[in-house]
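Working notes for the structure below.
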Number of protein chains: 2
Amino acid sequence: MVTRRLTQKDIARLAGVSQATVSFVLNGSPENANRIPPETRERVQKVIRETGYVADPVARRMVKGLNRILGVFTYEPAFPSAQADFFTPFLLGIEEAAQELGYDLLLLTGAGVKRRIFGDNVRLRLADGCIILGRQFDRDELTRLVAGDFPFVAVGRRDDAGGPVPYVGGGYVAATTALVDRAKALGHQRIAYVGLNEGAESTLDRWIGFEPALGGADLVHTQFAVAQPPGETLDALLAAGATCVFFTELADAIAVDAVARHRGISVPADLSIVVLGNHIRAEEHGRRFTSFSIPREAMGRAATQMLVRRVENDAPVEQVLLDCAIVEGDTLGPVSTKHIRNT
Amino acid sequence: MVTRRLTQKDIARLAGVSQATVSFVLNGSPENANRIPPETRERVQKVIRETGYVADPVARRMVKGLNRILGVFTYEPAFPSAQADFFTPFLLGIEEAAQELGYDLLLLTGAGVKRRIFGDNVRLRLADGCIILGRQFDRDELTRLVAGDFPFVAVGRRDDAGGPVPYVGGGYVAATTALVDRAKALGHQRIAYVGLNEGAESTLDRWIGFEPALGGADLVHTQFAVAQPPGETLDALLAAGATCVFFTELADAIAVDAVARHRGISVPADLSIVVLGNHIRAEEHGRRFTSFSIPREAMGRAATQMLVRRVENDAPVEQVLLDCAIVEGDTLGPVSTKHIRNT
DNA sequence: TGACTGTGCTAATACGTATTACTAGCGTAG
DNA sequence: CTACGCTAGTAATACGTATTAGCACAGTCA
């Protein structure tokens, strides 16, 4: 812009005082505030009102060290519609909590270009701390974050990375275990698992909650892969004599359910389906899968509050898992007598 | 945090050089860059690598004056689900364009608390410029923005506020006119209008496009109010002998359409419905209303690009209206002979 | 030998604000 | 009348970086 920004020096000149006086008028601490008599104070404030001057937050931050800004870092872009349903609930909670605590949000997303926290022109540090969002996360960067002095909190559980990672995650392990127990209570002894059992912590947690919970039940089929042809998956499930199948991916469950319906296989009478997690607007598919609900909004809120604790009070690392409520749904039922006889 | 941040001074000490040398190694201009010989350069970079030092963007900004941050200001909170569908497409476009241009976004949203641009603790200025989003907008603040030197662009047309307001809006006037013309071409002569005819520019634009376009057609009923009981609205429409009704609010159209269906009144055979605008996920209502589509994502992109032009090149005020494509839909049909006889 | 030209750095400064240290002027207690 | 304290400010400095100006030294040319 052509006209340079107003500075306190300009205000001082116009009011016939020094820059320091202007600063005192603006934000003198109680003991210093009364050093400026009302007349001078009013004269300065008049100039400020007339000019519409506001202090440059950047310079302010230089002195104070804090900005009241929280960074939200995602590797994937936050808004494109494919991701929007995933990110939006988290952002909702983050925004609300930030608002309550008097912080603004700096969005740092990585669309297309691989964006890194430690890059050449890292603007992340403009924020007082940051929230890490997203499924993938570079291990090296996490390690550097843990080692560094920049406050951050991850949304989603993370394994240690050269030290404990502060996070707010979902209690997937416990929720998965609860669902397995429920299936067993309904008589299911021949259970299958379709989903990955390695990779991101959130994925792994399902398996960790699942496998030990089986107890006496038989794991008659596993498919450690997602997005496979649903017909083949269904074939394998039936061939193995599974009465109940756990999916980690809603999309897989939907596809297999559709094929089953098409073939006249009844869910849950012939085959029970459990989905380990939920997805916004899952109702659109006309099926309420038995699953657990991920408290995304609450996770965002909690992570934000935790981050502010770390920023303001240098609070120690916390690791929190929020409960995932079980969604009853319509796809987990008792084992049919047909199956019991079969087995 | 307990451990102070690393500064260039620390790096300089560790590498046995001066702070200026570190700065040159980091980002010396071409002519100065080769003043540092490879050995020294490597020595400094080694220390930087080992310590994980990154320059403080705040200090950087102090010197350079630019931040590569764009503020996004909304009076209403951006994420809460009620608003999410409204804001998300704009944010999508804004985020994409910002990413391409190498800017980050500072989200300044107003949840609950009345948030003002000119307040005590204005962090907006941290950004190099800002995008104004949202339906309501304080006139005084807009005037001050126009008068000031802070670059901004509004999403949505705005009337002059002590000067022209830079904006990227939707061509609601033209699109509304086109829909009126279409209705007239289908024989409609008895037309009604349900919606506000004052208030925000975006609302007003519908009326501005509508009223003059009527030409010879009769405006048999107007209801300058929204969210009224749909039964009463329908009664009034029928009593007035309207064959086609224009709604500014999708919600009103949905409600009236539902009552009509319930009463056995066929749309569009007995009554045509046109909606002036669209809404994400309108399909969920099982009806494709004849309307026009608002290019929200494109508006966000265009506004961002315009803002960057203003920030970087001090470009003059631009005012752009993007075309709104007509959505054919199923609710505008030819006038039935019954009506023609009736009239 | 003395002036000149690079080379390879460092010193100094600016950016805008907050804050600490100080000072000039004046009244008053001792 | 000196010392002290109070009032109403101002001067100076720090924050961390970018950048300009400049300095010490070596080599070159006349």
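Since we're looking at a predicted model, the values are computed, not measured. For the numbers below, each heavy atom of this structure counts, side chains included, while hydrogens, waters and symmetry mates do not. Every chain is numbered from 1, with letters handed out A, B, ... down the list of sequences.
Summarising the geometry, the separation between CD1 on B:Ile11 and C1' on D:dA18 is reported as 16 Å, rounded to the nearest angstrom. Rounded to whole angstrom, the span from the CG atom of A:Asp56 across to the P atom of C:dT17 amounts to 6 Å. Atom C1' of nucleotide D:dC15 and atom NZ of A:Lys64 are separated by 13 Å, given to the nearest angstrom. Across the protein-nucleic acid pair, A:Arg41 atom CZ and D:dA8 atom P stand 11 Å apart, rounded to whole Å. In this structure, B:Glu39 places its CD atom 12 Å from C1' of C:dT7, rounding to the nearest Å. Going from atom CZ of A:Arg43 over to atom P of D:dA8 covers 12 Å, rounded to whole Å. Rounded to an integer number of Å, the gap from A:Leu26 CG to C:dA18 P is 7 Å. In this structure, A:Arg13 atom CZ and D:dT10 atom P are separated by 15 Å, rounded to whole Å.
In terms of position along DNA chain C, the nucleotide closest to B:Ala20 lies nearer the 5' end than the nucleotide closest to the other residue of the pair B:Ala20 and B:Ala59.
Dashed line: the shortest gap from a side-chain N or O of A:Thr7 to OP1 or OP2 of C:dG16 is not under 4.0 Å. OP1 or OP2 of D:dT17 has at least one side-chain nitrogen or oxygen of B:Tyr53 nearer than 4.0 Å. When the side-chain nitrogen and oxygen atoms of A:Asn27 are compared with OP1 and OP2 of C:dA18, one or more of them lie within a distance under 4.0 Å. For B:Ser23 and D:dG16, the shortest distance from a side-chain N or O to OP1 or OP2 is not below 4.0 Å.
Here the nucleotide nearest the side chain of B:Arg60, chosen from D:dA18, D:dG9, C:dT10, is D:dA18. Here the side chain of B:Val63 is nearest to one of C:dA18, D:dT19, D:dG16, namely D:dG16. Closest to the side chain of A:Gln8, from the set D:dT20, C:dA18, C:dG8, is C:dA18. Across C:dG16, D:dT19, C:dT19, the shortest atom-to-atom separation from the side chain of B:Gln19 is found for D:dT19. Each of D:dG16, C:dG16, C:dT10 was ranked by its minimum atom distance to the side chain of B:Thr21; first place goes to C:dT10. For A:Met62, taking side-chain heavy atoms from C-beta onward, the closest of the listed nucleotides D:dA18, C:dA11, D:dC15 is D:dC15.
The backbone N or O of A:Arg68 sits less than 3.5 Å from a side-chain atom of A:Asp128, completing a donor-acceptor pair. Judged purely by atom type and a 3.5 angstrom limit, B:Asn313 has no side-chain atom pairing as donor or acceptor with the backbone of B:Ala315. When atom types are taken as modelled, the side chain of A:Gln319 and the backbone of A:Val165 share a donor-acceptor pair closer than 3.5 angstrom.
Across A:Arg158, A:Glu318, A:Arg310, a single residue satisfies side-chain contact (heavy atoms from CB on, under 4.5 Å) together with A:Pro166, and that is A:Arg310.
Of the charged side-chain nitrogens involved, none lies within less than 4.0 Å of a carboxylate oxygen, so that B:Asp159 and B:Arg139 do not count as a salt-bridged pair.
Counting any heavy atom pair closer than 4.0 Å across all strands shown, A:Val17 reaches sugar-phosphate atoms only and no base atom.
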